[in-house]
Amino acid sequence: THVCKLWRDTALNNPILWRDILSFGWQSVDVFVQRAKSVPVVIHSVVTPRPRYSQNPQSLPDVELVSSHLDHLAELKLRGHPSALGTVVQTLTSTAPKLSLLELVACASEYPVRIESGTCYDLPHNLFNGDAPNLKRISIDNLSFYWASLAFSSLSSLSPPIPRRW
């Protein structure tokens, strides 16, 4: 970057400035998370399918980054194509001690649309290994789930969508 050394050092050494991560691609997310240090981070991202990863969906960068940083996420808001979002969601099985908000929206485009029921993906039975002590709010759209997987003692708001008539 082209700023003076003082401003650069100030930005790089202030973890709170790196807390909010808005991503439409995952190249810079890891850098933001590293610079946030121990500050709980907020990730808002659009998850898109990538044909080159179709042979091995576990190699999606989204999967690796989200699952490796669950321990210091404060909020996780993911929106995206059901196939890509479904792959990421299946990895949410580690504890998430700082997570307070989970929002998942499966959609075929930028805007949520009704996805045919056969293309929806399930939340894992062991979501966050049952351990997300600060999880207060969950919002889910176009993903099916087992009620038991959402049995978090701290949960105060659950927003599954009301079925729409088409």
Side-chain angles (χ1 to χ4, degrees), residues 12-50 52-107 112 115 119-161:
L12 291 176
N13 294 312
N14 192 340
I16 197 72
L17 295 176
W18 302 96
R19 177 180 188 262
D20 295 307
I21 304 168
L22 177 59
S23 172
F24 291 92
W26 290 86
Q27 298 81 3
S28 61
V29 171
D30 206 29
V31 172
F32 272 70
V33 171
Q34 288 173 5
R35 289 179 180 172
K37 298 184 175 145
S38 63
V39 173
V41 296
V42 175
I43 294 180
H44 300 238
S45 185
V46 174
V47 183
T48 57
R50 293 177 183 83
R52 67 181 174 179
Y53 294 105
S54 61
Q55 265 54 25
N56 181 11
Q58 290 301 317
S59 68
L60 278 166
D62 317 40
V63 172
E64 296 163 5
L65 284 168
V66 172
S67 62
S68 67
H69 296 301
L70 281 177
D71 61 334
H72 61 276
L73 287 182
E75 295 181 9
L76 180 59
K77 294 183 177 186
L78 300 176
R79 167 184 305 268
H81 191 276
S83 63
L85 186 61
T87 302
V88 174
V89 166
Q90 290 305 310
T91 68
L92 302 179
T93 57
S94 298
T95 60
K98 298 176 183 177
L99 190 68
S100 64
L101 170 68
L102 174 66
E103 183 178 291
L104 303 170
V105 179
C107 53
I115 306 293
T119 61
C120 289
Y121 292 82
D122 291 335
L123 291 177
H125 293 279
N126 58 340
L127 184 65
F128 304 124
N129 199 26
D131 188 12
N134 292 306
L135 186 57
K136 305 244 185 295
R137 297 179 295 157
I138 297 177
S139 179
I140 300 169
D141 198 356
N142 285 329
L143 289 167
S144 58
F145 57 92
Y146 295 93
W147 287 102
S149 68
L150 302 179
F152 297 100
S153 60
S154 58
L155 194 61
S156 61
S157 174
L158 175 61
S159 302

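Position 1 is the first residue of the sequence, and the numbers go up from there.
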Q | Ring geometry between Phe128 and Phe152 (parallel below 30°, tilted from 30 to 60°, perpendicular above 60°) | A | tilted

(Q) Does Arg137, at its CZ atom, have more than 12 non-hydrogen atoms belonging to other residues, nucleotides or ligands within less than 6.0 Å? (A) no

Q) Does some side-chain heavy atom of Pro124 sit less than 4.5 Å from a side-chain heavy atom of Val89? A) yes

Q | Spacing of Leu150 atom CG and Ile138 atom CD1 [to the nearest 0.5 Å] | A | 4.5 Å

(Q) For Ala96 versus Pro133, what's the shortest heavy-atom pair and its separation? (A) O-CD, 4.1 Å

Q: Kindly determine whether Val42 and Arg19 satisfy side chain to side chain contact (heavy atoms under 4.5 Å, CB included), including the steps that lead there.
A: CA-CA 6 Å; Val42 175; Arg19 177 180 188 262; 3.5 Å; yes

Q.
So which atom in Leu12 and which in Lys37 form the shortest heavy-atom distance, rounded to 0.1 Å?
A. O-NZ, 4.4 Å

Q: Determine the sole option in Leu101, Val41, Leu92 for which the side-chain contact (heavy atoms from CB on, under 4.5 Å) test with Leu76 is passed.
A: Leu92

Q. Can you check side chain to side chain contact (heavy atoms under 4.5 Å, CB included) on Arg35 and Leu17, steps first, answer last?
A. CA-CA 9 Å; Arg35 289 179 180 172; Leu17 295 176; over 6 Å; no

Q.
Please find the pair of heavy atoms, one from Ala74 and one from Pro40, that lie closest to each other, and give the distance.
A. CB-CB, 3.6 Å

Q) What are the two closest non-hydrogen atoms of Ser154 and Asn134, and how far apart are they? A) OG-C, 3.7 Å

Q: Please report the closest heavy-atom contact between Leu135 and Leu102, naming both atoms and the distance.
A: CD1-N, 4.0 Å

Q.
Can you tell me how far apart CG (Asn126) and CD (Gln90) are? Round to the nearest 0.5 Å.
A. 9.0 Å

Q: Taking the side chain as every heavy atom from C-beta outward, state whether Glu75 and Ser100 have any atom pair closer than 4.5 Å.
A: yes

Q: First locate atom NZ of Lys77, then atom CG of Leu104, and finally report the distance between them rounded to the nearest 0.5 Å.
A: 11.5 Å

Q | Inter-residue atom distance Gln34.CD - His69.NE2, 0.5 Å rounding | A | 7.0 Å

(Q) Ignoring hydrogens, what is the shortest heavy-atom contact between Thr95 and Leu70? Give both atom names and the distance. (A) O-CB, 3.8 Å

Q.
Given 3.5 Å as the limit, does a donor-acceptor pair link the side chain of Asn129 with the main chain of Ser94, or not?
A. no

